[in-house]
Amino acid sequence: MNDYDFKAIEKKWQKFWQEHKTFSSEVRKDKEKYYVLEMFPYPSGRIHMGHVRNYTIGDTVARYRMTAGYNVLHPMGFDAFGQPAENAAIKNKTDPREWTEKCIEWMEKELKQMGFAYDWQRELSTHRDEYYKWNQWIFVKMFEKGLAYKKGSSVNWCPRCETTLANEEVINGGCWRCEAQVVQKELEQWYLKITEFQDALLEDLKLLSDWPVRVITMQENWIGKSYGVEIYFKETQTSKTIPVFTTRQDTIFGATYVVIAPEHPQLKEIIKNKPEEKKVLKFIEKVSRESKIVRMAADVKKEGMFTGCYAINPVNNEKIPIWTADYVLMEYGTGAIMAVPTHDQRDFLFAKEHGLGVRLVISDPKRPDLKALEMDCAYEEDGVMVNSGNFNGLDNETAKLKIAEWMESQKIGQREVYFRLRDWLVSRQRYWGTPIPIIYCEKCDIVPVPEKELPVKLPKGAEITGTGGSPLSRVSGFVKTKCPKCSAPAKRETDTMATFFDSSWYFLRFCSPRNSQALFDKEEVNYWMPVDQYIGGIEHAVLHLLYSRFFTKFLHSLGYLKFREPFKKLLTQGMVLKDGEVMSKSKGNIVDPDAIIEKYGADSLRLCILFAAPPEVEFDWNDRGMEGAWRFLLRVYNAVDSFCLLKAAPAKNPEPDFEKPLRFKTHATIKKVTEEMEGGFKFNTAISALMELSNEITPALKQAQAAGANSQILKEAIDALVILLSPLCPHMCEELWQRLGHKEGSIINTLWPKYDANALVQDELNIIVQINGKMRSKIVVNSDISEEELKAKVLSDPKTATWIKGQPVKKIVVVPKKLVNIVV
RNA sequence: GGGCGAGUGGUGGAAUGGUAUACACGAUGGACUUAAAAUCCAUUGGCCUUUGGCUGUAAGGGUUCGACUCCCUUCUCGCCCACCA
């Protein structure tokens, strides 16, 4: 029926690319570099539609850049450490390494089936010691700089995974991986001092103008820098200073009580020997047992009690009660607040519940007569200062500055900046990860493993049960070692690193993946980096992208990198849903890419997924889309096939009437598709433009067939169609390109076409005629018509005249080359 | 509660101040066929008195010669953050 044997074509070209190393890359100073990277996958064994979408977008960008003459780096690897391998080990008694290697093998095969233009010679996997050796190297460097440190504190603990979690890994109070409720646990753990770079991480977001705004906002919120004042309240009995942090120092005259976090170290001191002591201690005990999630749930009533103590408000020497309550967190600010019920909703609710005082200090311009006692919610907006001593009458924004300055001069407060960002808890009680390269010696304390002894290899044969802490602690041959400093018997650290550590610098390793002397070659990394276009899921907006920026800044501070930001441009692609839901095994709504490739081929799948929606929008998978993609490819294939059968054009090419419009369409399409490939990335509209071109080629081809001869304009259109489509559907286009007479090499070595501006100049223009803004007529005019001639022509148009009906013309608006609007 | 985004035919979507619904899917009718599939052709927002006209981009208002597009109000949905003082 048809000859488009996609199976044979796809196999043929995949083999060709592999044999000719078409996509291998090397540093070349004579060409402009372009590094395009998609977030590397966890090797689960099978690729899913999310991968297909992510990697098709990246591949299209990469292939376009290759064809456009750039020196392109487009690598692929595997983020191979992590829990699924360990879970499989527990369930099936398999070795995580074997399981992972097997999965990688399957996955590579599937990726190759999609025809992605990767430089496979650069492939890496984080579970190999040649890679994780450099994880350990980075860790040691951080340790030496004081940026990797161990401390005991209350940590996030997933009871199901039996391991610690970073703050970034706690989503809605649950584990990011298994969704189990996270609890707090007192543990001694390793942290990375990401806060060392908090200012740079926030400030340099300004350099990322090509990142989606929402990712920037999410990172800003996560870092959470707030400017405020630390105000010194004095406890009346002990005269101890209790600093509180506020961003609303303008409301200080409205403070009617102070709240101190239950965990606050000063709390136990000030309540000593007070009648309330016992009750308060009981409350502290109760809160400490509560999980953070329960405590922070929005709908839970805030609990608290009076401590029996009082504090002096330093601005007016007022004596106000000190309370303790679970709505104040020890981790943020100073762990104590001044409560202003009239201008903070949380304080308002708490004050109402416990009958605490209220005083209005900022008046609402919309309700100037409002009284504090009549309020039904806090007024948190701007307004004019009242009941605030010398500051009355000022607007509160001005007062903020004046009060801060005045407090500093009186030494009752100090301007401060607080961040929400916390250091990164990086140790995990897992087997399948990078061993933390640390040795504990009784004499020398914590000693990092010297560089020449790296890597600390992950031992084989550890018993993985999923319970009872770090599996490595049960491998005695691993634990027992000698102190590198004093050679006394010592013990190894048995925790492993969070896998986000591995992925925080892999983009650097791709620049020199086989280097055994260093984590990367300095020259190569500074040639290829930063990544010009990074593509991945929005779910990494904070986690992976923030950590990667942190690592880049760290290595930059050591002088290894010349750049401060790893990813110049970021595209966050939308999810692929099925029936409005995320595809998952448990829901049984998985669409298997393999089955689709089997039926329609990889090119159709690539086209379908790009045509379905713009890349950043999520879309619902529909099998019908495949039919449409398939039909289009078939039409293109058949068109090129029939074109090849035509005789070459005679020396004197007769000009069939299709030629001029076809040439216009060809060059308009080149323009449109090039713009989208360059950075617009609306592949869906690029594809529709290609379909339009194809729709114009079809009748032109019929005419040429009838005439029995070729046409240069038709040839140009067909060539353009094949090249412009090649980044999207590479196999078929390689094949067609060859049939069109280009016998040598790959289509990526052909230069991407440039549009001819002359071809886009039209002799005649369609002008829209509007009466009072409504479209009433269309006229065709010469493109060089003057404005006056155009007006005259429009007014003489009979159809226009019937609409004017002799009414006086008030105004004529002319939009050059587009329309004329007559106002009557 | 805060932030960001979105709302357009039966469906995915196009148009970012100038012909609303490009391109496709689906549907209907026709050609081909013994038949079906495939393919090709035609129609396809709604309404009407149908060679024409009215109306129409969540709802209402505004700015403009002209608004899906800009501004204000309201509604709905999605995502992210959420006792951060």
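Naming convention: chains lettered A, B, ... in sequence-line order (proteins, then strands); numbering from 1 in each chain. Just so we're clear, the structure is a prediction, and the values are computed from it rather than from any experiment.
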Inset, instruction - Ignoring backbone atoms, establish whether A:Arg776 has a side-chain N or O less than 4.0 Å from OP1 or OP2 of B:C54. - result: yes
Inset, instruction - Consider the side chain of A:Met691, meaning its heavy atoms from C-beta on, and name the nucleotide among B:C81, B:C79, B:A24 that approaches it most closely. - result: B:A24
Legend entry - Atom pair CZ (A:Phe664) and CG (A:Leu760), whose distance is rounded to the nearest 0.5 Å: 5.5 Å
Inset, instruction - Side chain of A:Ile768 only, please: which of B:A85, B:U19, B:A14 is the nearest? - result: B:U19
Legend entry - Minimum-distance nucleotide (side-chain atoms of A:Tyr332 versus B:A85, B:U19, B:C23): B:A85
Inset, instruction - Answer yes or no: is there a donor N or O on one side and an acceptor on the other, between the side chain of A:His354 and the main chain of A:Leu356, under 3.5 Å? - result: no
Legend entry - side-chain N/O A:Lys682 vs B:G13 OP1/OP2, d < 4.0 Å: no
Inset, instruction - Just compare B:G18, B:A85, B:G13 and give me whichever is closest to any side-chain atom of A:Gln770. - result: B:G18
Inset, instruction - Check whether any side-chain N or O of A:Lys811 sits under 4.0 Å from OP1 or OP2 of B:C65, and answer yes or no. - result: yes
Legend entry - Per A:Ser688 side chain, nearest of listed nucleotides B:A85, B:G13, B:C23: B:C23
Inset, instruction - Find the distance between CG (A:Asp347) and OH (A:Tyr327) and round it off to the nearest 0.5 Å. - result: 4.0 Å
Inset, instruction - Would you mind classifying the nucleic acid contact of A:Phe611 as base, sugar-phosphate or nothing, using non-hydrogen atoms under 4.0 angstrom? - result: base
Inset, instruction - For B:G3 and B:U57, measure between their C1' atoms and round to the nearest Å. - result: 27 Å
Legend entry - Distance below 4.0 Å between A:Arg631 side-chain N/O and B:C25 OP1 or OP2: yes
Inset, instruction - Considering only atom P, compute the distance from B:U8 to B:G60 and round it to an integer number of Å. - result: 16 Å
Legend entry - Presence of A:Ser226 side-chain N/O under 4.0 Å of B:A85 phosphate oxygens OP1/OP2: yes
Legend entry - OP1 or OP2 of B:A82 under 4.0 Å from side-chain N/O of A:Arg420: yes
Legend entry - Residue closer to the 5' end of RNA chain B, A:Gly335 versus A:Arg624 (nearest nucleotide): A:Arg624
Legend entry - Short side-chain N/O contact from A:Asn684 to OP1 or OP2 of B:A22, under 4.0 Å: no
